[in-house]
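This report refers to the structure that appears directly beneath it.
Naming convention: chains lettered A, B, ... in sequence-line order (proteins, then strands); numbering from 1 in each chain. Every heavy atom of this structure was used, including side-chain atoms; hydrogens, water molecules and symmetry mates were not. The model shown is predicted, which means the values in this text are computed figures rather than measured ones.
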Amino acid sequence: MKFTLKYFYFLSIIILFAACSGSDSIEIDEEKPTISIDYTDGFPQGCTSLIKGETYNFRAMVTDNQELAAYSIDIHHNFDHHTHDDQVAECSLEDTKTAVNPLIFIENYTIEEGGTNYEINVSITIPDDVDTGDYHCAFSVTDATGWQSRTSVDIKIID
Amino acid sequence: MYGFYPSSLSRTIIKILLYFKIMLKKTLLSVLLFFSFYTVSLGQDLYQIKGSVLNANTLQPIEGANIIGKNRYAISSKTGEFILKNIAKGTYTFTVSYVGFITKKITVNVNSETENLSIHLIEGTTSLEEIKVLGKSKERIVKEIPMVSQSVSKEFLENNRENSLMQTLSKIPGVSTINIGSGQSKPVIRGLGFNRVAVVQNGIKHEAQQWGNDHGLEIDQQGIENIQIIKGPASLLYGSDAIAGVVDIQPNKIPSKNSFNVEVNILGETNNDLIGVSAGITSRKENWFYRGRLTYRDYGDYKVPTDQINYENYIFDLHNNNLRNTAGKEADASISIGYDKNSITSETSFSNVNAKNGFFANAHGLEVRTSSIDYDSSNRDIDLPFHKVNHFKITNNTSIKTDNHKLYFDFGFQNNHREEHSEPVPHGYMPKPSDSKERVFKKNTYSFNARDAFKPNSKHDMVVGLNIEYQDNNIDGWGFLIPEYDRFTAGIFGYDQFEVNSNLHILAGLRYDYGFVDTKAYYDWFQSTINNDDGSTSYVYLQRSQDKTLNFGNVSASLGLSYINNKTTYKVNIGRSFRMPLSNELASDGVNYHMYRYERGNIDLDPEISYQLDVDVDHTSKSFSIGVSPFVNIFENYIYLNPTSSYYETLQIYEYTQAKVFRIGGEFRANTSINKNLQLDTSVEYVYSRQTSGAKEGFTLPFSPPLSGLLSVNYRLKDAFLFKNPQLMADFRITAAQEEIVPPEEKTVGYQVLNMSFLSELDVFKNNDPIEMRLKLNNVFDTKYFNHTSFYRLIDVPEAGRNLSLSVTIPF
């Protein structure tokens with residue numbers, strides 16, 4: 001009896017571990033949406049040069065297992081090399097410099113129809129008076145649950 | 001051999017001893033008889049040594065301890081006291097022993113009457129003999145209190161010392177930490193942390209920037225003697241913020257009269273090249289006493305068992321496995337002056353903790369950064385981003401005893417000054433700031449507590465009390481996260497512990513708190529572009545927070561019982577606790593650059609209310625003990641930072657909301673002595689959390705600790721060379737995967753990690769206490785694993801690699 005009691009707790013641990021391995025029935029969304037510019041029409045690709053005054057269609061594919069909700073596009077200068085992109089290509093950066101009148105593009109959009117597939121397609125005109133140089137373009141997307149995915153790419157604005 | 005024994009008293013003692021020898025047949029007493037018992041009285045001044053023997057853990061008297069010296073002998077009384085009479089001037093060494101405790105050698109220099117010599121024995125795993133203890137031990141008192149709490153001794157703290165106080169305490173089942181690098185961590189009790197755990201030092205609630213992700217505790221872990229941990233709602237005693245538990249760092253024991261102690265601790269570690277020195281002094285003549293401590297630590301970047309970190313699509317290569325820019329340093333000083341006479345005890349302490357810690361440079365929080373700083377040129381420099389923090393504290397603890405009352409008063413003043421620095425970069429409409437001072441918090445806290453403990457009759461122990469606290473928090477820097485605020489809280493409480501019979505005790509208590517938070521307006525220092533509906537564009541300094549005053553009132557209550565049935569103790573406790581919303585929860589409205597998100601407060605939040613049922617069953621017998629402490633907890637309105645699916649200026653909006661939460665879990669512990677040298681300890685902890693309403697219904701809570709078990713083996717070796725009481729310890733932690741997550745968390749795989757340590761006393765100085773040494777090898781196999789509750793888990797940084805540390809404590 002004493003022996004049994006003494007080692008009783010080893011058994012208890014096994015039981016506890018086993019008991020806790022069960023799962024729940026409530027369905028919750030544990031999947032993030034995805035975002036990609038890595039397809040033929042995806043734009044801009046890494047190291048793309050954008051010409052001042054021109055208009056471009058920024059395109060990215062987003063998917064989710066349940067329901068897409070919103071996305072954003074952020075273009076900001078990288079004159080101080082404060083960040084880098086997550087694409088495969090490594091762009092050669094120009095020398096660091098001080099911003100005078102950099103392009104700042106900050107826009108949010110909702111995906112009204114929800115759905116599980118959507119192509120971001122936003123037309124952006126590069127103003128004539130902005131600083132040329134290294135820029136950074138970041139896309140992000142959320143799903144209805146509140147999961148987010150991001151991707152970013154190094155680009156240049158040239159004359 | 002047998003000296004002459006002139007007094008009849010000595011003769012009586014010998015007779016008693018011989019009687020015991022026959023009765024108990026203990027070899028120990030044979031050893032006693034080896035000594036002679038006589039007193040010398042030939043033309044010399046004779047003195048007496050008075051003292052007491054105490055349990056080092058509980059500070060309760062030990063009855064029947066043997067105090068044996070050459071030709072001297074005494075046994076401690078019921079109150080732990082002993083007297084050695086007729087002692088000539090000179091230096092004497094005594095051996096103090098008691099079964100179940102580690103035998104201690106003390107040296108006394110006798111040149112006057114020596115009183116209040118206090119001897120602390122440490123509980124050991126040496127053979128336990130059949131002992132009957134009369135009177136109420138500390139263990140007994142703890143058993144009788146229905147509240148489920150755990151006491152942490154100095155011995156535990158020393159044997160398990162890690163880089164920060166909370167890492168040391170995380171070995172206790174149900175306690176875990178949120179770590180920020182190698183030197184900082186904040187407490188988590190049963191999965192809840194931040195402002196839901198109150199940290200109390202010298203009776204005063206420690207007030208820093210505990211709401212923040214990258215904030216640690218600003219407390220010197222050296223020199224702490226005793227910590228009380230309550231794993232459950234404790235608003236009744238501690239007010240708001242103690243909703244999930246309390247880490248109560250008790251005032252150190254008052255030194256005994258005519259004592260003087262100096263100890264120096266030196267620590268070295270290989271993983272982060274840490275060097276630490278801490279020196280403490282305590283002294284007392286008659287009624288006045290003082291203590292002081294200086295601590296300095298300096299460490300480099302810590303090493304992780306990986307060459308590169310993959311975070312989302314980014315790859316960060318690490319130089320020499322160093323987690324770039326995680327070096328730090330800390331300098332702490334404290335001094336206290338106290339007075340202790342008859343019925344009055346008062347101690348005033350001044351302490352200052354100053355630290356500077358670097359943050360991982362490639363990604364702080366969730367923001368990926370590149371920099372022209374050459375981080376890899378040295379692993380000891382602290383570059384941007386870093387924070388520096390200074391915590392200054394004055395406390396006074398005074399107690400006054402009258403016939404039937406004991407009055408306690410605590411006063412506290414704290415100044416917390418924290419600065420976060422990072423490389424200035426433009427963001428959104430914010431141009432590049434001119435300096436690195438991103439955020440500055442200056443917080444002053446004034447506290448006052450009073451309580452009266454009294455016994456209206458022999459069956460009741462009653463306490464009534466009052467807590468008042470006032471805070472004002474000021475901000476500076478170019479980043480905005482929380483507004484300036486003033487906060488006032490006041491609470492009155494009373495509770496009664498009623499002894500139904502000697503084995504059944506009931507505790508009931510009630511508390512009322514009133515408080516207000518007064519938030520201050522804040523406007524951006526730069527203009528943002530607003531596209532108006534009519535097509536025009538305006539440039540405005542956006543308002544981030546408003547002038548608002550919010551009032552809160554709340555009732556807390558607790559009811560519990562304790563029933564002792566021989567070796568088994570049953571405790572049941574039910575309580576209601578609350579927490580006032582913080583100013584950031586109410587009024588934040590800005591970009592958290594580190595987390596790369598937009599955080600929005602909610603001025604309509606109610607105080608959090610929590611109900612918890614705690615059960616604790618403990619069975620302790622001679623050779624083993626086993627205990628289980630399950631709990632069920634319901635939050636009516638848990639305040640939760642909810643990631644929404646909306647954007648603000650391309651950043652995801654996180655909004656403070658309230659949700660019902662259901663939690664269940666507990667701890668299991670067991671301990672057995674296989675033989676007199678080998679001891680096994682095991683514990684398992686688990687918490688299940690569910691949000692049962694709101695936007696994240698069905699999800700768990702952030703930073704939920706996974707199922708985890710700890711198996712500890714302690715083996716006592718034979719004395720060899722200089723090594724006295726050497727012991728080997730191995731801690732094997734098995735942690736299951738954490739599959740329960742909530743956005744933006746990632747699932748974390750399970751792991752096993754082994755830590756080993758060798759502890760010993762070194763008997764180098766003949767007349768002094770021995771040197772204590774500890775050699776500790778953490779993460780023996782250099783396992784790469786992730787801690788789900790680490791701040792750096794979010795960016796896929798694994799835990800620290802193998803670390804060898806050597807700690808030596810030298811008494812003078």
Legend entry - Residue B:V628 versus chain A: region with a heavy atom under 4.5 Å: neither

Legend entry - For the student: nearest non-hydrogen atoms of B:V742 and A:W147, plus distance: C-CH2, 4.0 Å

Legend entry - Gap separating the CG atom of A:D29 from the CZ atom of B:F699, nearest 0.5 angstrom: 6.0 Å

Legend entry - Between CG on residue B:L651 and CD on residue A:Q148, distance to nearest 0.5 Å: 8.0 Å

Legend entry - Whether B:Y647 side chain and A:V141 backbone form a donor-acceptor pair below 3.5 Å: yes

Legend entry - Option in A:D74, A:T110, A:I73, A:L68 with maximal non-hydrogen atom pairs under 4.5 Å from chain B: A:D74

Inset, instruction - Flag yes if more than 12 heavy atoms outside B:K660 fall under 6.0 Å of its NZ atom; otherwise flag no. - result: no

Legend entry - Contacting region of B:N642 [heavy-atom separation from chain A under 4.5 Å]: neither

Inset, instruction - Under 4.5 Å heavy-atom distance to chain A, tell me which part of B:E655 shows up: side chain, backbone, both or neither. - result: neither

Inset, instruction - Could you pull out the closest heavy-atom pair between B:K696 and A:G146, with the gap in Å? - result: NZ-CA, 4.4 Å

Legend entry - A:D95 atom CG, neighbour heavy-atom count above 12 within 6.0 Å: no

Inset, instruction - Mind checking the OH-OG1 spacing from A:Y109 to B:T650? Nearest 0.5 Å is all I need. - result: 10.5 Å

Legend entry - Which of B:E739, B:Q652, B:E649 touches chain A most, by non-hydrogen pairs under 4.5 Å: B:Q652

Inset, instruction - Sort B:Y429 into side chain, backbone, both or neither according to what part of it lies under 4.5 angstrom from a heavy atom of chain A. - result: both

Inset, instruction - Taking all non-hydrogen atoms of both residues into account, name the closest pair between B:S645 and A:A144 and its distance. - result: OG-O, 4.1 Å

Inset, instruction - With a 4.5 angstrom heavy-atom cut-off, could you sort out which part of A:T145 is near chain B: side chain, backbone, both or neither? - result: both

Inset, instruction - May I ask you to test the A:I28-B:R690 pair for a side-chain heavy-atom distance under 4.5 Å? - result: no

